[in-house]
Each structure stands twice: as structure tokens, then as C-alpha cells.
Amino acid sequence: MNRKLKESFFKDVYEVVKLVPHGRVTSYGAIANYLGAKSSARMVGWAMNSSHNIPDVPAHRVVNRNGMLTGKHHFDTPTKMEELLTVEGVKVSDDKIINFKEVFWDPSLELI
DNA sequence: ACACTGACCACTG
DNA sequence: CCAGTGGCCAGTG
């Protein structure tokens, strides 16, 4: 993959994540689906893994399709993701979101 | 160049 | 319903 294409893909992922409303969450697959065939859920996860330096990217609002906080270990502290979600009104228990379907935000449906 | 891994997902039996 | 499997694409040893 060319560096420019890679940067473009990263940028797209970050843009979508930034658009996730406060108190709502989305999934890797939803982002991949929204960005199109050139992306895949794994690539979205990989992009998020490289989002350490990127400011204003609420990575805690991105979970897997079951609402599980699979990425929590990649935060500063393992509890950070859970705390951030809880503060925003998202119910988290045992590393998964309770009211997932209520707070789920699909970019391909919510964006034009 | 090869094999394995990964913040994933959908299909199959 | 659960486990296994394949696809996805890039990074790493």
C-alpha cells in the first residue's frame, strides 16, 4: 500500500470516529462498511492502533460488533475506556456495553 | 520470501 | 447455539 493511500485511509477512519456523537458508539465493521470495499474491519482496528498520536479521536467509542471493549488494553490504563464510556452515559459491565443497540451509531445510516 | 499475528466479521454445519 | 473456518491487509520476526 502506498504511503499516500494509507494516510488517506487513516484520515477517513479518524474523520468517521470524530463524527460519532457524544454518548454513542460504533463498530469497526460499521466504519469499514461505510468507507467501502477498500477497507476491512481488521484495517480499521489497525488504524485505531496507530491513532495514539492523533488528538480528538475518541477511540473509546469504537468497539467490536458485539459491543465488547476489545480495545481497552490499548489505552493508557485498562479502565480508561470503560470510565470514559460510563461518564458519557453508556452502560458498561464485564467489558461489554449493556445498552449497545440503543447507543449504537452506524455511519452508513446516520451520515449522508 | 515465509509464517504468524491482530482493537474484526460473516458464513457454515 | 457454539465452534470452526476463511477472508480481509499490513506489520513483524
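Lettering follows sequence order; numbering is per chain, from 1.
At a threshold of 4.0 Å, the pair A:Arg24-A:Glu88 does not count as salt-bridged, since none of the basic side-chain nitrogens sits closer than that to a carboxylate oxygen.
Within the nucleic acid shown, A:Ala59 comes within 4.0 Å of at least one base atom, counting heavy atoms only. A:Asn64 comes within contact range of the sugar-phosphate backbone alone, with a heavy-atom separation under 4.0 Å but no base atom that close.
Within a 6.0 Å radius of CG in A:Asn66, other residues, nucleotides and ligands contribute more than 12 heavy atoms.
Spacing between C:dC1 and B:dA10 at atom C1', rounded to whole Å, works out to 16 Å. B:dA3 and C:dG6 have their P atoms separated by 16 Å, with the value rounded to a whole Å. Remark: the separation of the C1' atoms in C:dG7 and B:dC4 is 16 Å, to the nearest Å.
To the nearest angstrom, C1' of C:dG11 lies 14 Å from NE2 of A:His74. Rounded to whole Å, the distance from CH2 on A:Trp46 to C1' on B:dC4 is 17 Å. In this structure, CE of A:Met48 is placed 17 Å from P of C:dG11, rounded to the nearest angstrom. Between the CE atom of A:Met68 and the P atom of B:dA7 there is a distance of 12 Å, rounded to whole Å. Remark: P of B:dG6 and OH of A:Tyr28 are 14 Å apart, rounded to the nearest angstrom. Rounded to whole Å, atom P of B:dC9 lies 13 Å from atom CE of A:Met43. With rounding to whole Å, A:Ile31 atom CD1 is found 14 Å from B:dC9 atom C1'. Atom CZ of A:Phe9 is separated from atom P of C:dA10 by 9 Å (rounded to the nearest Å).
Panel note: side chain A:Tyr14, backbone A:Ala47; a donor-acceptor pair is recorded below 3.5 Å. Remark: the backbone N or O of A:Leu69 is not paired with any side-chain donor or acceptor of A:Asp95 at under 3.5 angstrom.
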With 3.5 Å as the limit, what N/O pairs link the protein to nucleotides 11-13 of chain B?
none

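Residue pairs meeting the ring pair (Phe, Tyr, Trp, His ring centres under 6.0 Å) criterion with at least one partner in residues 80-112 of chain A, sequence neighbours excluded, are A:Phe100-A:Phe104.
Base pairing annotation: C:dT12 forms a Watson-Crick or G-U wobble pair with B:dA3, both donor-acceptor distances under 3.5 Å.
Checked against the 6.0 Å centroid criterion, the rings of A:Trp46 and A:Phe10 qualify as a close aromatic pair.
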Exercise. Between A:Arg61 and A:Val90, does a side-chain contact (heavy atoms from CB on, under 4.5 Å) hold up when you go through it step by step?
Worked result: CA-CA 10 Å; A:Arg61 295 191 188 135; A:Val90 180; over 6 Å; no

